[in-house]
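Written below as structure tokens is the structure these notes are about.
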Amino acid sequence: DGGITQSPKYLFRKEGQNVTLSCEQNLNHDAMYWYRQDPGQGLRLIYYSQIVNDFQKGDIAEGYSVSREKKESFPLTVTSAQKNPTAFYLCASSWRGGYNEQFFGPGTRLTVL
Amino acid sequence: AQRVTQPEKLLSVFKGAPVELKCNYSYSGSPELFWYVQYSRQRLQLLLRHISRESIKGFTADLNKGETSFHLKKPFAQEEDSAMYYCALSDSGGSNYKLTFGKGTLLTVNP
């Protein structure tokens with residue numbers, strides 16, 4: 001089964017804990033993205049990476065961190081500094097170029113208890 | 001800064017009626033516009049993009065640079081069109097691959 005995968009599907013975290021969300025793709029895409037989806041807010045870009053070992057902040061990067069050590073992997077860490085982390089997180093990947101389609105994973109729902 | 005506005009959070013039509021989902025954008029560069037769709041319990045996926053000039057599932061969208069709009073239209077709505085629709089914008093020619101999404105419109109097609 002090819003494409004883009006995210007794990008886990010559901011994640012629960014206690015306040016004050018960091019947690020890492022996994023995103024893997026086997027599409028050989030150069031670019032990868034993390035979005036946060038909240039009801040009534042649409043999708044907001046957290047971080048994106050256009051190439052291995054490089055990434056840029058999106059619109060709401062505060063309280064999050066990423067790494068891009070391998071082309072196929074782009075994990076997102078939600079730190080304790082993120083004030084309102086409960087949300088649905090979507091990962092995507094694409095070929096380079098602003099006109100290219102982004103392919104989305106199934107998402108991870110994070111709940112902070 | 002790039003911005004996408006979808007003025008309707010909810011849109012409800014009857015089967016067979018025409019449907020238009022509105023999208024307006026603000027961007028000083030050369031925009032590329034997209035419509036993404038999320039059906040119930042499915043992944044977010046591309047519906048269509050301006051550069052392809054294609055019709056997908058009976059939907060079309062025309063880029064109007066004068067009005068800075070990219071409205072999505074279908075002449076006869078079907079129940080299976082019920083979904084959340086997002087308009088999105090990126091820079092077509094530069095090295096910026098960021099997609100900016102609107103807040104989405106939930107379309108319900110009633111029988």
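Letters A, B, ... are given to chains in the order of the sequence lines, protein chains preceding strands, and every chain is numbered from 1.
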Exercise. Does the gap between the ring centers of A:Y33 and A:F104 come in under 6.0 Å?
Worked result: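 No - the distance between ring centres of A:Y33 and A:F104 does not fall below the 6.0 Å cut-off.
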Given that the side chain runs from C-beta out, which part of [X] has a heavy atom under 4.5 Å from chain B: side chain, backbone, both or neither?
X      : result
A:Q37  : side chain
A:D59  : side chain
A:F103 : neither
A:L45  : side chain

Problem set entry | B:F34: which of B:C23, B:C87, B:S90 passes side chain to side chain contact (heavy atoms under 4.5 Å, CB included) |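 Output: one option passes, namely B:S90.
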Exercise. Just how far is it from atom CD of B:E20 to atom CG of B:L107, taken to the nearest 0.5 Å?
Worked result: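 One gets 12.0 Å once the value is rounded to the nearest 0.5 Å.
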For this session: Could you tell me whether a side-chain N or O of A:D30 sits under 3.5 Å from a main-chain N or O of A:R96, the two making a donor and an acceptor?
Result: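 Side chain of A:D30 to backbone of A:R96: no pair is present.
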